[in-house]
There are 2 protein chains.
Amino acid sequence: MSNDPAAPSVTPKAAYHHGDLRAQLIAAVRDLVETHGPDGFSVAEAARRAGVSSAAPYKHFKDRHEILRGVVSEAMDRLRAAMEAGAEAHAYGSLEAVAAVGQAYVDFAKDEPGVFRLVFGLTEGHENAPDLLAKGEGCFGVVVHAVAARLDLPPADPDVQRRAYMLWSFVHGHSFLTIDMKHKVAAAEIDDWDYLMTISHAILAPTGS
Amino acid sequence: MSNDPAAPSVTPKAAYHHGDLRAQLIAAVRDLVETHGPDGFSVAEAARRAGVSSAAPYKHFKDRHEILRGVVSEAMDRLRAAMEAGAEAHAYGSLEAVAAVGQAYVDFAKDEPGVFRLVFGLTEGHENAPDLLAKGEGCFGVVVHAVAARLDLPPADPDVQRRAYMLWSFVHGHSFLTIDMKHKVAAAEIDDWDYLMTISHAILAPTGS
DNA sequence: TGACGAAAGTTAGCACCTTTCACATATGTT
DNA sequence: AACATATGTGAAAGGTGCTAACTTTCGTCA
């Protein structure tokens, strides 16, 4: 790459080993999943979009499943980052910080319903991929951390774990129902933030049962 | 074919217009979805299991999606029946009746995780199928009914709707997390019934916020 | 500098799947 | 008995996943 490896046009894609196919494929698949649903994706189409032959992806991924796992992995990174950003936007240990973690989760589902569904609809992926499992734990860890801060208890405390799980299942369900049945959610006149604050308050109330 | 429609062996399947292909296909697909995941199903394989050519299914279903929608429709019928049975197993208007509706929901997810995921993972299906929408409403209606009975309010009451939605999102999320991340649920030592009773109690408490 | 091996792409090809089309066969209605 | 209809079959087109064998490019080390 001394001067220009045949630099022809504006986009730096013309190299015939064109650099970052892997990333471009993941981006293409993410887009396909988002627009055509988790099923309406094909390796061939992704390759077409990246401008390579339909066999090229297999130099970077073993399976079509591995591509999807790549998308999921990348999505989980973003999800976790969003959750952490949500928490850090409010005072440490505050109820708002807890709710903000949930809000980030819901926002993600709304912004990328296809990818969100993919992340949690991957049946065979989960068993085969310890890294995805780890990232899932990481996301849950953000919830646990916020709850622990709020209750002023160590994250490993069983009560913290339990309440964090409750919160998560609530937010998870609300996210799914929001993207699956918008009309129902609209009918119930749910405002996300109110909802999340109410729930957080209820679950983190001093005495358990 | 006067006496017996060619009754040859034990199974009544030998008629070459063999009666209920549609139902048999749905059963086959349900099984495939359950064992090989929502993706690992093919019309061809289902036809093979039903003992017909791979073109036969298209006499009963327009698409492969329509077959899946058939499975979903049938599953929703069973889900609703289970929820209603759960409610009716306890005193009308009791908290237990509410929790039992949720328990039926969770049990369904545990018993048929593949189908459960299919029901709520169908993106394109939902838009195109008003009957599925209606059945979804029907299931939600069971929750609403139980909540209304508990609160002694009409089902159409906004407060009833809102609390029913809250309950549903909780149960929905718990169901998904249960089948997706069993280990996490186990780690949090969640007992379904305790959990559901706790949640129901919290959500149906007299004053809202 | 230039030979070489690994990385990353290509084309060709098989097996399978979806869907359609033309055709065959049972059903039942009049 | 005849005909329309519902339900089956086989063949074929087009797409997809994945592999194999070949080619090009890149970095590296004598």
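Reckoned from all heavy atoms, side chains included, excluding hydrogens, waters and symmetry mates. The sequence lines fix the lettering, A, B, ..., with proteins before strands; numbering per chain opens at 1.
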d(CG, Leu21(A); C1', dA7(C)) in whole Å = 12 Å
Could you check which of dA8(C), dA11(D), dT18(C) has an atom nearest any side-chain atom of Ala55(B)?
-> dA11(D)
Find the distance Asp39(B):CG to dT16(D):C1' and express it as a whole number of Å.
-> 14 Å
Salt-bridged, Asp159(A) to Arg163(A), with N to O below 4.0 Å?
-> yes
Which angle, to the nearest 10 degrees, lies between the helix axes at the two ends of the helix from dT1(C)-dA30(D) to dT30(C)-dA1(D), each defined by five pairs?
-> 0°
Value in whole Å for how far the C1' atom of dG8(D) lies from CZ of Phe61(B) | 15 Å
Do any pairs count as a salt bridge (Lys or Arg N to Asp or Glu O under 4.0 Å) and have a residue in residues 82-93 of chain B, sequence neighbours left out, and if so which ones?
-> Arg80(B)-Glu84(B)
To the side chain of Arg64(A), which of dT11(C), dT19(C), dC18(D) is closest?
-> dC18(D)
Measure from CZ on Phe41(B) to P on dC16(C) and round the result to the nearest Å.
-> 18 Å
Nucleotide dT27(C), atom C1' - distance to CG of Asp20(B) in whole Å = 16 Å
For Phe170(B), enumerate each residue passing the ring-ring contact (aromatic ring centres under 6.0 Å, His included) test, keeping only those at least two apart in sequence or located in another chain.
-> Phe170(A), Tyr195(B)
Candidates dT20(C), dT11(C), dC17(C) - which lies nearest the side chain of Ala44(B) = dC17(C)
Among dT11(C), dC18(D), dT19(C), the nucleotide that comes nearest once only the side chain of Asp63(B) is considered | dT19(C)
Those residues that, when tested against Glu112(B), pass side chain to side chain donor-acceptor pair (under 3.5 Å) (two or more places apart) = Arg78(B)
To the nearest angstrom, the NZ-C1' distance between Lys62(A) and dA8(C) comes to 19 Å
Can you figure out which of dT20(C), dA21(D), dT19(D) approaches the side chain of Lys59(A) most closely?
-> dA21(D)
Under the ring-ring contact (aromatic ring centres under 6.0 Å, His included) test, which residues partner Tyr58(B), sequence neighbours left out?
-> none
In whole Å, what is the span from the CG atom of Leu68(B) to the P atom of dT18(C)?
-> 10 Å
Closest listed nucleotide, where the reference is the side chain of Ser42(A) and the choices are dC18(D), dT16(D), dT7(D) | dT16(D)
Salt bridge (Lys or Arg N to Asp or Glu O under 4.0 Å) pairs, two or more places apart, involving residues 168-179 of chain A = none
Within the structure, does a side-chain N or O atom of Arg48(B) lie under 4.0 Å from either OP1 or OP2 of dC17(C)?
-> yes
Which sits closer to the 5' end of DNA chain D, Gly51(B) or Tyr58(A), going by the nucleotide each is nearest to?
-> Gly51(B)
To the nearest Å, how far apart are Ile67(A) CD1 and dC18(D) C1'?
-> 11 Å
Charged N to carboxylate O under 4.0 angstrom, Arg162(A) versus Asp157(A)?
-> no
Verify the contact: side-chain N or O of His65(A) to OP1 or OP2 of dG17(D), cut-off strictly under 4.0 Å; return yes or no.
-> no
